[in-house]
Each structure stands twice: as structure tokens, then as C-alpha cells.
There are 2 protein chains.
Amino acid sequence: MSASGSRRLGVPPTPGAAWDRSGAWASIPERLREQGLRWTPQRRLLVEVLAQTDGHVTGGELVERCREADTTTIPSTVYRTLDVLEELGLIRHCHGVDGREEFHVLPETEHGHAYCNECGRSWDVEVEEVGAMLASFQERRGFEVDLSHLTVAGRCRDCRGAGGTGEAAVE
Amino acid sequence: MSASGSRRLGVPPTPGAAWDRSGAWASIPERLREQGLRWTPQRRLLVEVLAQTDGHVTGGELVERCREADTTTIPSTVYRTLDVLEELGLIRHCHGVDGREEFHVLPETEHGHAYCNECGRSWDVEVEEVGAMLASFQERRGFEVDLSHLTVAGRCRDCRGAGGTGEAAVE
DNA sequence: GCACTAATTGCAACTAGTCGCAATACGAGA
DNA sequence: TCTCGTATTGCGACTAGTTGCAATTAGTGC
Ligand SMILES: [Mn+2]
Ligand SMILES: [Mn+2]
Ligand SMILES: [Zn+2]
Ligand SMILES: [Zn+2]
């Protein structure tokens with residue numbers, strides 16, 4: 001179902017990346033206060049949850065995990081905090097094939113995503129793979145593409161090979 | 001607000017395209033019945049509304065326009081009919097920057113979209129502009145990209161030139 | 001430590017859309 | 001034209017998330 005969001009959760013980051021991450025999380029209180037924003041228990045909880053998260057999560061999944069630690073968690077607070085953290089650059093979001101937001105937690109490299117409409121699997125799309133497009137948008141349109149937000153939908157090799165119907169369609 | 005969806009509504013199609021279109025709409029009842037599906041008043045109304053639509057519309061806008069002609073229009077019926085028509089290939093959808101579905105009505109050529117996060121405007125992305133990416137996905141991943149579903153977000157020339165804040169952010 | 005102010009929270013109402021199901025009504029065939 | 005099976009509709013409940021607002025509280029200055 002919405003497996004594609006949590007599919008890669010728990011996959012360990014490449015060695016070394018974990019180091020950078022904890023540093024980034026640690027400095028959040030100060031970064032908020034620098035901007036006149038506040039460090040609250042609700043925000044701390046969400047940041048703790050995010051710090052334990054690799055890959056992609058939906059807002060709903062984050063609400064749920066916060067609730068595991070604190071049953072009084074309020075969805076709107078979580079969603080508003082996600083907005084704040086994205087403005088701070090600590091997370092990015094893209095949209096799954098169904099249009100729902102999925103958050104990237106401190107991605108090691110900026111990347112987009114490819115989703116198979118048929119089997120629902122997803123893959124990271126690194127910058128080299130779409131470099132020509134980014135450059136062309138830059139040059140021909142003066143348009144600066146947000147790679148993190150890029151979602152490419154289609155049919156994967158397996159599903160095409162399987163003669164048309166690989167598995168249940170995702171959307 | 002959700003102006004980006006209706007922005008280009010009413011722009012006339014290139015001459016000649018209107019001809020192909022009416023033909024496509026006219027054959028819908030038969031195409032439905034061929035598949036054991038049915039031609040109902042509710043479906044006829046939506047098809048009439050779509051036939052008068054150019055460019056991009058959200059489901060909500062379509063519900064509203066159907067309601068103008070028939071106040072008893074039920075949203076779920078409209079959304080379900082949109083699914084059916086998309087399976088028939090008469091419409092395609094992509095997702096705006098906020099992830100909401102936008103429908104393309106009988107596009108003259110298959111194309112994707114670029115959205116500016118800052119001013120909210122959008123542009124069609126023709127196949128030549130992303131041909132290299134489509135080819136690379138095909139060759140390197142065996143992945144067949146759905147161009148109609150492609151949404152490229154970023155900042156347009158005007159908004160970048162305007163020193164960072166062009167207008168109100170869209171999302 | 002106390003007071004003050006604005007950021008943030010909790011909450012409830014609201015939006016956009018989806019889903020299950022019983023009632024309706026296409027449309028193929030007699 | 002009538003019958004019948006099933007596709008479709010209407011409807012209400014539900015999901016995921018957003019918004020406005022009054023109450024709370026972080027954090028600054030005293
Ligand atoms: Mn989609
Ligand atoms: Mn977005
Ligand atoms: Zn697949
Ligand atoms: Zn712009």
C-alpha cells in the first residue's frame with residue numbers, strides 16, 4: 001500500500017554520514033533561536049524521531065512515531081514543525097506517485113526519485129542522471145530545478161518485462 | 001492560490017486541434033460500452049465539461065463546473081469518472097507543486113510541466129527538452145518514463161532575477 | 001526569579017478526496 | 001418492450017492534512 005514511503009527506512013547510511021547527521025541535529029535549537037523561533041518539547045520529540053529515520057517518511061508515519069513516544073502528539077503540530085525544519089534545510093520533501101508528501105531526512109546527496117506505477121518500488125535519481133535536464137532548464141529557461149522535489153513516474157524494467165502487468169497498480 | 005491550475009484555461013487550442021478533439025469525445029460512449037462500461041448522464045455531463053476545457057484543471061474545479069450545470073453533482077462520481085476517462089486515455093494527470101492532481105484534457109502533444117515555487121506560474125515541458133533524460137532512464141534503468149506525469153519544480157528566471165523573493169511562495 | 005511578548009500549541013472546524021455499500025439504472029438479450 | 005445482471009450512483013463515514021483562534025509557554029530583559 002503506502003509501502004513505498006517506508007521501504008528504505010532502516011537502511012543504514014554509508015559510514016561517515018551518520019557523523020555529519022548528528023552534528024546537524026545537535027545544532028537545531030540554536031539555529032531556531034537565531035531566527036527568533038523556539039525550541040519546544042514537541043519539536044524536540046519530532047527531531048529525535050527524525051534523527052532515527054533514514055530514507056523517506058510520510059507525515060503520517062512521523063505523527064505515528066511521535067505518538068509512540070508521546071501519546072498526546074497533535075498532528076497539526078507535527079506538520080507545522082516539518083514546515084519549519086524544511087525551511088531550515090534539515091529535511092526536504094518530494095511527492096510520491098499519489099501526490100502525498102514524502103520527507104527526505106538529511107539526504108547525503110541531493111537526489112530525485114523514480115517511482116514505478118505498477119510495482120510501487122522507488123529509486124533514487126542522482127544528479128548525473130538528470131544533469132542534462134537541469135542544465136537545459138538552466139540555460140534555455142533560466143529555470144533552477146529543485147532536484148529534491150523531482151518525482152519521475154513510469155514503469156520499471158521488471159514490470160515492463162512481465163508483459164504488461166507486473167503486480168497490482170499503485171495508482 | 002490554486003490559480004496555477006486554471007491559469008491557462010480558456011486559451012484556445014492551435015487551429016485544427018479542436019477537430020481531433022471533438023472526434024475523440026464523440027466516440028466515448030462506444031468506447032465505454034466496448035469494455036462493458038456504461039454511458040450515464042453523470043458521465044455525459046463531465047465529458048461535456050471536459051470538452052469545453054483547455055489546459056489544466058483540478059478535480060475540484062471540474063466538480064464545481066459540473067455543479068453549475070447540475071446542482072446534484074456528487075464529487076465521488078466525478079472523481080470516479082475521471083479515473084475511468086484516464087484509463088481510456090482521454091485525460092492524463094500530473095501533480096501541481098502541492099501534490100494535488102491536475103488533469104490535462106486531450107493534450108495535443110504529450111508533455112510534462114515546470115512549476116515555479118515562488119510565483120506559482122507553470123510551463124509545458126515538451127519532449128525534446130527532457131529527451132536525454134527519457135533516453136537515459138530507458139537505457140540505464142530500462143525505465144519507461146511517463147512524461148505526462150512529470151512535474152519539475154524550481155524557481156523561474158523572473159523570480160531568481162528578482163533577488164530571491166519574487167512574489168508570495170506557493171508552497 | 002518574575003514579568004512580558006510573541007511564538008507555539010491544542011483544538012475544533014474545515015478541505016479535498018476516498019471508500020464501502022445498498023439502491024438505482026444501463027443496456028444486452030429475449 | 002420487458003427482464004435481468006451488473007456497472008454505477010448517491011450517500012455517509014472516513015482519511016490525511018490545513019487553518020484560525022484562544023490558551024499556553026519559551027525565552028529575553030530586568
Ligand atoms: Mn499521480
Ligand atoms: Mn511539494
Ligand atoms: Zn515496477
Ligand atoms: Zn517564478
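As a basis for the values below, the full set of heavy atoms in this structure was taken, side chains included, without hydrogen atoms, waters or symmetry mates. Below, chain A is the first sequence line, B the second, and so on; all start at residue 1.
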- [ ] Could you tell me whether A:R92 and A:D146 make a salt bridge, using a distance below 4.0 angstrom between a side-chain N and a carboxylate O?
- [x] yes
- [ ] Taking only heavy atoms on the protein side, list every residue of residues 32-39 of chain B lying under 4.0 Å from any atom of DNA chain D, sorted numerically.
- [x] B:G36, B:L37, B:R38
Open item on the list: Taking the minimum atom-to-atom distance to the side chain of A:R43, which one of C:dG17, C:dG10, C:dT8 wins?
Closed with: C:dT8
Open item on the list: Can you classify the ring geometry of A:H113 versus A:Y115 as parallel (below 30°), tilted (30 to 60°) or perpendicular (above 60°)?
Closed with: tilted
TODO: Could you identify which residues of residues 76-85 of chain A place a heavy atom less than 4.0 Å from some atom of DNA chain C, listed by residue number, or say none?
DONE: A:S76, A:T77, A:R80
Task: Rounded interatomic separation in angstrom, taking CZ from A:R44 and C1' from C:dT9 - done: 15 Å
Task: Distance, rounded to the nearest Å, where B:F103 contributes CZ and C:dA16 contributes P - done: 14 Å
Open item on the list: Need the bend value for the helix from C:dG1-D:dC30 to C:dA30-D:dT1: angle between end axes, 5 pairs each end, nearest 10°.
Closed with: 20°
Open item on the list: Do the side chains of B:R121 and B:D158 get close enough for a salt bridge, i.e. N-O under 4.0 angstrom?
Closed with: yes
Task: Interatomic distance where NE2 belongs to B:H95 and P belongs to C:dA16 [whole Å] - done: 17 Å
Task: Interatomic distance, B:D70 CG vs D:dT9 C1' [rounded to whole Å] - done: 12 Å
Task: Under 3.5 Å: donor-acceptor pair, side chain of A:R67, backbone of A:T73 - done: yes
Task: OP1 or OP2 of C:dA25 under 4.0 Å from side-chain N/O of B:Q42 - done: no
Open item on the list: Is a donor from one side chain sitting under 3.5 angstrom from an acceptor on the other, for B:S148 and B:E110?
Closed with: yes
TODO: Return the set of residues passing side-chain contact (heavy atoms from CB on, under 4.5 Å) with A:E64 (not counting sequence neighbours), or none when no residue passes.
DONE: A:E68
Task: Pairs involving residues 33-49 of chain B, ordered by first then second residue, that meet salt bridge (charged side-chain N to carboxylate O under 4.0 Å, His left out) (sequence neighbours left out) - done: none
Task: Rounded interatomic separation in angstrom, taking CD1 from A:I74 and P from D:dG20 - done: 18 Å
Task: Length of the line joining B:E61:CD and C:dA16:C1', which is rounded to integer Å - done: 13 Å
Open item on the list: side chain to side chain donor-acceptor pair (under 3.5 Å) for A:E101 and A:T58? Distances and angles first, verdict last.
Closed with: CA-CA 6 Å; A:E101 279 186 337; A:T58 63; over 6 Å; no
Task: Nearest-Å distance for atom pair CG/C1', residues A:L45 and C:dT9 - done: 14 Å
Task: Nearest atoms (heavy-atom pairs only) where B:V97 meets A:H95 - done: O-NE2, 3.1 Å
Open item on the list: Taking the six-membered ring for Trp, are B:H149 and B:H93 closer than 6.0 Å centroid to centroid?
Closed with: yes
Which pairs would a plain distance check flag for residues 131-142 of chain B, meaning a side-chain donor or acceptor within less than 3.5 Å of a matching protein atom at least two apart in sequence or in another chain?
unit_1, atom_1, unit_2, atom_2, d
B:Q138, OE1, A:R160, NH1, 2.7
B:Q138, OE1, A:R160, NH2, 2.9
B:R141, NE, A:E129, OE1, 3.4
B:R141, NE, A:E129, OE2, 2.7
B:R141, NH2, A:D124, O, 2.8
B:R141, NH2, A:E129, OE1, 2.7

Open item on the list: Rounded to whole Å, please give me the gap between CG in B:D98 and P in C:dT15.
Closed with: 16 Å
Open item on the list: Quick check for you: among C:dA16, D:dA26, D:dA16, whose closest atom lies nearest to any side-chain atom of B:R100?
Closed with: C:dA16
